[in-house]
Amino acid sequence: MSKYFPSDFEEKWAAQWVEDGLFQQTFEQTGITPDPPSHKATEGRGNKMYLLYAFAYPSGSGLHVGHVEPLTALDIMARYYRSIGKKVFFPVGWDAFGLPAENYAIQTGIPPVKTTKDAINTFSRQIKRIGVSYDWGAEIATCHPGYYKWTQWLFLQLYKKKLAYKKDAPVNWCPSCQTVLANEQVVEGTCERCGTDVVQKKMEQWFFKITQYMDELISGLGSLDWPKATKLQQLNWIGKSEGVTTTFKVQDMDIEMSVFDSVPQTYMAQTFTIIAPEHPLVYELVKGTDREEEVMAFVERVKKKKASGSFDFEKDLEGIFTGKYLEYPLAGDRKLPIWVASFAVYEYGTGIVNCSAHDDRDFIFAKKYGIPLHPVMHPEDPDEATKVMSLEYCYHHEHEGIIEEPLPFKGRRWGEVRSDIIDYLESTPYGRRDTNYKLRDWLISRQRYWGAPIPIVYDPEGNAHMVKEEHLPWMLPTDVDFKPTGESPLRLSKEFNERVEKLYGKGWTPEYDTMDTFVDSSWYYLRFTDPRNEQEFARTEAMKKWMPVDFYMIGPEHIVLHLLYSRFFTKFLRDEGYLSVDEPFAKMRHQGMILGPDHRKMSKSKGNVINPDDVINEYGADTLRMYEMFLGPIDQDKPWNVESVQGQYRFLKRVWKMFEGIKGSKDQKIKRSKDQEDKVKGKTQLVSLLHRTIKKVGDDIEQLKFNTAIATIMEFLNMWERQISNSKTQMSISDARKFLKILSPFAPFMTEELWRNQLGEKESIHMAPWPQVDESLLQKSTIIVPVQVNGKVRGRVDIGVNDEEDIVVEQALKDETIIKFIPEKTYKKVIYIKGKILNIIV
RNA sequence: GGCCGAGUGGUGAAAUUGGCAUACACGCAACACUUAAAAUGUUGUGGGCGCAAGCUCGUGCGGGUUCAAGUCCCGCCUCGGCCACCA
């Protein structure tokens, strides 16, 4: 047998597995008869295990070490769950539409179809090279007409239910990408992709009415096994808040204004009203008055500042008086001056707020412009109360204080009075209980080429009609120019325009926009269950068989958008009768980021990028996999260490060497002669450790603790080598086989090579069952227990596992080093935690 | 500003969930093999004191609970992530 050269066999086995179809066609088992539930099942419904890694965008630069970590983790799970008898479904697909390919086309003129195909080929090759046991038979790509046909179908279903609608709305526009961006794609006022300042623009846009499902998107989180932080972020994003909406008349005008307030306790403190600069009512208020010019100039200035992204609410806290007053009969004949204020948010609530002394921003604003304030709550300390009432500082409404007004509630506590005040406001003609959300409907229109065309056509009067289902897939035209013009590229396609007139009539025109790629990627896990179906997006039985996804691994960057959208689609399709699950992803975790050796995020400009191909060329794919899994906990950010990689290579070489000695040796019965006693003892110890290792590796994989699983395997190898050199004890072949098997999910290539060539097995190691743990071997008969005196470890005793306290104490008191610390030879108290520790208190 | 997470050797990190702190690995040092290097192997490796057995301090800082705290409680400090004008 030659030395360990991974390049000798890794690619051979990768090709062989594909040829033998080892991990293939699981989706075809989609079945009609569900499998009987397994007792081994710890996750998943019955015996199925749907494993999913976030839909990858096939970028031109190829696979990154950051992809290798989650891919390997899922692959380990896939191989492990298969060997304990689960039906594993582990499909692969490509989130293939999107801006980078189109931007590249703008630069080079190479069509996105071509670059995307190349990129997918590169990714596929690399993923196969690291041995990911994907089911390639279920491969899908969102840019394929066979896929986007159903994305368009989904759009039409939403349209039929009025959950897809068109509206003229101010949108975020990126001047560089020449496209509309969703709120979520605007980062600090700049475009998420190119960093250009985003501007506001009004356009007719298509929306999905995700807000229809807001309450269920909140309540559904309860049942999910997701990281706590992720759930919280979703909650914050939806931003539900309950309160009161009150409506009042503007003095001397025929205008009513509504305001939302989630802190209605302040209502008697409210002394002025602010309105967002973007609000159309601003113009109505000042139109034709002597304030019109000044106010509208202010509005323009603030809007521009906000659009540029440089708006800072503390620095730019400013406003202007409209000259109008809001009638406020809740406080007698009080009139609230109406101000346009830079910090009022048009998109939230009604865009109009009544302000009081009990809010930091309101307080600062009022002080700045000399607007009177009227505090109604104060602290219990009388000195402090005087300061608050004389407006020395803002006593924030989140503090627990004593209510002064309204009089019927006087003397009660702030937090406790809230509900009663809402009831009171509801009993007046002005208020009603109300709920507000931060979540907006989902803007899906994109003035872009490389996406799924929106399946809508317009008649000559401009009315929207659905593209007929028999015309799906509504093909993306190819005769387009990629130069950005601010128009949708599809507008200039001759074929596209002619197609519509031919199919629908003279003067009919297509919708030129394409869909946000998040639409494509928010239902792909359903298509996987029935990827070649041409009649339906997926058969109901197929989805019933596999859904929900049992384990989903995605990067933390997808916490908000992708997950909310996917949950929305799932709930919609359930309501339409296609699906029987409420939530798509039962269990989810996030992989951490692999940082550069300098502990910073990898990037070309920093020159700290590690290329997985280089690592494979030097050490092989097994080493790369082992290293990334050994680095640390999967959900944590971890720096790459160039030198540490060799540690894994060294370990694999040692394993390889061990199996050199195995070939040809037979399982021998060791004679129980005197000189053989060491051997027997060593062998017993080794076998016992092997079974503990098998158990721990399995447990660790199920808990995603891949780093400690590997450490455990290493400990076993250390022991194995020591036994060979100390007592000349070799393990039996059947035990060596078990060892190889538990290593095989981590290092699939080397273990396969040794399994077949060294152990002479005919079937792949990856089809072999996980070794059974012999529970009787897990028990040790004697253990070493640390002995503490007054809480400090002073010695150890060797005792039987089941020995009771008095025996252990007796043993401990025989030990000279221990007795040294018990000068009086007596003790007050003894604490013995069975098998763990003995503490003697003197 | 809000929410979440994290601080353990020279480095990446373990710690059966309150029970021997530093498993496993990297690095480093010495030795063996070698003409030499690489590779490999052996031994050592938290700080201080000591020839040594051993003692003592030690998980960001300060307190507390407990027979026992990296782990639980209270108060700080530092770093990272996300959201940030949401009334």
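Order of the sequence lines sets the chain letters (A, B, ...), proteins ahead of strands, with each chain counted from 1. Just so it is clear, the structure is predicted and the values come from calculations on it, not from any experiment.
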Q: Pick the P atom in B/C74 and in B/C79, then give their distance to the nearest Å.
A: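 Comparing P positions in B/C74 and B/C79 gives a spacing of 23 Å.
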
Q: Of the nucleotides B/C82, B/A87, B/A13, which one has an atom closest to the side chain of A/Q233?
A: B/C82

Q: Any side-chain N or O of A/Q636 below 4.0 angstrom from OP1/OP2 of B/G80?
A: no

Q: Quick one: label A/K792 by what it contacts on the DNA or RNA (base, sugar-phosphate, nothing), any heavy atom closer than 4.0 Å.
A: sugar-phosphate

Q: Heavy atom of residues 641-650 of chain A under 4.0 Å from RNA chain B: which residues?
A: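 Nucleic-acid contacts, sorted: A/E643, A/S644, A/G647, A/R650.
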
Q: What interatomic distance, in whole Å, is found between P of B/U35 and the corresponding atom of B/G10?
A: 39 Å

Q: Does the ring centre of A/F630 sit less than 6.0 Å away from the ring centre of A/F746?
A: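 Ring centres of A/F630 and A/F746 not closer than 6.0 Å.
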
Q: Work out how far the P atom of B/A37 is from that of B/G48, and round it to whole angstrom.
A: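 Between the two P atoms, the distance is 31 Å.
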
Q: For B/A15, does either OP1 or OP2 sit under 4.0 Å from a side-chain N or O belonging to A/K705?
A: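 Affirmative; the distance criterion is met.
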
Q: Between the side chains of A/R432 and A/D434, is the shortest nitrogen-to-carboxylate-oxygen separation below 4.0 Å, so that they form an ion pair?
A: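 So A/D434 pairs with A/R432 through a salt bridge.
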
Q: Side chain of A/L232, heavy atoms from C-beta onward: which of B/U11, B/A13, B/C3 has the nearest atom to it?
A: B/C3

Q: Please check if any side-chain donor atom of A/H374 sits under 3.5 Å from a side-chain acceptor atom of A/E405, or the reverse.
A: yes

Q: Say we look at B/U42 and B/G47: how far apart would their C1' atoms be, to the nearest angstrom?
A: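 Result for the C1' pair: 27 Å, nearest Å.
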
Q: Checking one value: the base orientation of B/G9, syn if chi is within 90 degrees of 0, otherwise anti.
A: syn

Q: Without decimals, in angstroms, what is the distance between A/D637 CG and B/G12 P?
A: 13 Å

Q: Identify which nucleotide among B/G12, B/A84, B/C57 has an atom closest to any side-chain atom of A/W237, counting heavy atoms from C-beta outward.
A: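 Closest of the options to the side chain of A/W237: B/A84.
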
Q: Side chain of A/K653 only, please: which of B/C55, B/C4, B/U40 is the nearest?
A: B/U40

Q: Between B/C33 and B/G70, how far is it from one P atom to the other, in whole Å?
A: 45 Å

Q: If the threshold is 4.0 Å, N to carboxylate O, is there a salt bridge linking A/K705 and A/D699?
A: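 Not counted as a salt bridge, because no side-chain N and carboxylate O are separated by less than 4.0 Å.
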
Q: Hey, is the side chain of A/H590 poking within less than 4.0 Å of OP1 or OP2 on B/G81, counting only N and O atoms?
A: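 The answer is no; no side-chain N or O of A/H590 sits under 4.0 Å from OP1 or OP2.
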
Q: Determine whether the aromatic ring centres of A/F365 and A/F343 lie less than 6.0 Å apart.
A: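 Close enough - the centres of the two rings lie under 6.0 Å apart.
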
Q: Tell me: CZ of A/F716 to P of B/A25, nearest whole Å?
A: 14 Å

Q: Is it the case that A/E721 and A/S725 place a side-chain donor and acceptor less than 3.5 Å from each other?
A: no

Q: Considering only the P atoms, how many Å lie between B/G7 and B/U56, rounded to the nearest integer?
A: 29 Å

Q: Just label B/U17 as syn or anti from its O4'-C1'-N9-C4 or O4'-C1'-N1-C2 angle, using within 90° of 0 for syn.
A: syn

Q: With no hydrogens and no angle check, do the side chains of A/Q811 and A/D803 hold a donor and an acceptor under 3.5 Å apart?
A: no

Q: Around atom NZ of A/K367, are there more than 12 heavy atoms from other residues, nucleotides or ligands closer than 6.0 Å?
A: yes

Q: Counting neighbours of NZ on A/K695 that are heavy atoms of other residues, nucleotides or ligands and sit closer than 6.0 Å, is the number greater than 12?
A: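 Incorrect, the count does not exceed 12.
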
Q: Check the phosphate of B/G81 against A/K601, side-chain N and O only, distance under 4.0 Å to OP1 or OP2. Yes or no?
A: no

Q: Suppose you measure atom C1' in B/C51 against the same atom in B/C57; what distance do you get, rounded to whole Å?
A: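 Each nucleotide's C1' atom is 22 Å from the other's.
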
Q: May I ask you to say whether A/E715 pairs ionically with A/K696, meaning some side-chain N is under 4.0 Å from a carboxylate O?
A: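 Judged by the 4.0 Å cut-off on N to carboxylate O distance, A/E715 and A/K696 do not form a salt bridge.
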
Q: For A/Q703 and B/A15, what is the distance between atoms CD and C1' respectively, to the nearest whole Å?
A: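 Atom CD in A/Q703 sits about 14 Å away from atom C1' in B/A15.
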
Q: For nucleotides 19-24 of chain B, give me every protein contact, N/O to N/O, under 3.5 Å, one pair per line with atom names.
A:
| from | atom 1 | to | atom 2 | distance (Å) |
| --- | --- | --- | --- | --- |
| B/C20 | O2 | A/R796 | NE | 3.0 |
| B/C20 | O2 | A/R796 | NH2 | 2.4 |
| B/A23 | O2' | A/E715 | OE1 | 3.3 |
| B/A23 | O2' | A/E715 | OE2 | 3.4 |

Q: Of the options B/A87, B/G41, B/C55, whose atoms approach the side-chain atoms of A/R654 most closely?
A: B/G41

Q: Just checking A/Y827: does its OH atom have more than 12 heavy atoms from other residues, nucleotides or ligands closer to it than 6.0 angstrom?
A: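 Count not over threshold, so no.
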
Q: Would you indicate, yes or no, if B/G5 has its OP1 or OP2 atom less than 4.0 angstrom from a side-chain nitrogen or oxygen of A/K228?
A: yes

Q: With RNA chain B as reference, determine whether A/L631 or A/S262 sits nearer its 5' end, using the nearest nucleotide of each.
A: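 Its nucleotide being nearer the 5' end, the pick is A/L631.
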
Q: What stems involve RNA chain B, if each pair must be Watson-Crick or G-U and both of its distances must be under 3.5 Å, with 3 or more such pairs in a row?
A: B:1-7 with B:77-83, B:10-12 with B:24-26, B:27-32 with B:40-45, B:46-49 with B:54-57, B:60-64 with B:72-76

Q: Checking A/K601 against A/D637 for the salt bridge (charged side-chain N to carboxylate O under 4.0 Å, His left out) test, could you report, in this order, the C-alpha distance in whole Å, the side-chain angles of both residues, the deciding distance, and whether it holds?
A: CA-CA 10 Å; A/K601 200 173 164 179; A/D637 291 352; over 6 Å; no

Q: Kindly say whether the aromatic ring centers of A/W339 and A/F272 come within a distance under 6.0 Å.
A: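 Ring-ring flag for A/W339/A/F272: false, centres at least 6.0 Å apart.
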
Q: Taking the C1' atom in each of B/C26 and B/C76, what is the distance between them to the nearest angstrom?
A: 35 Å

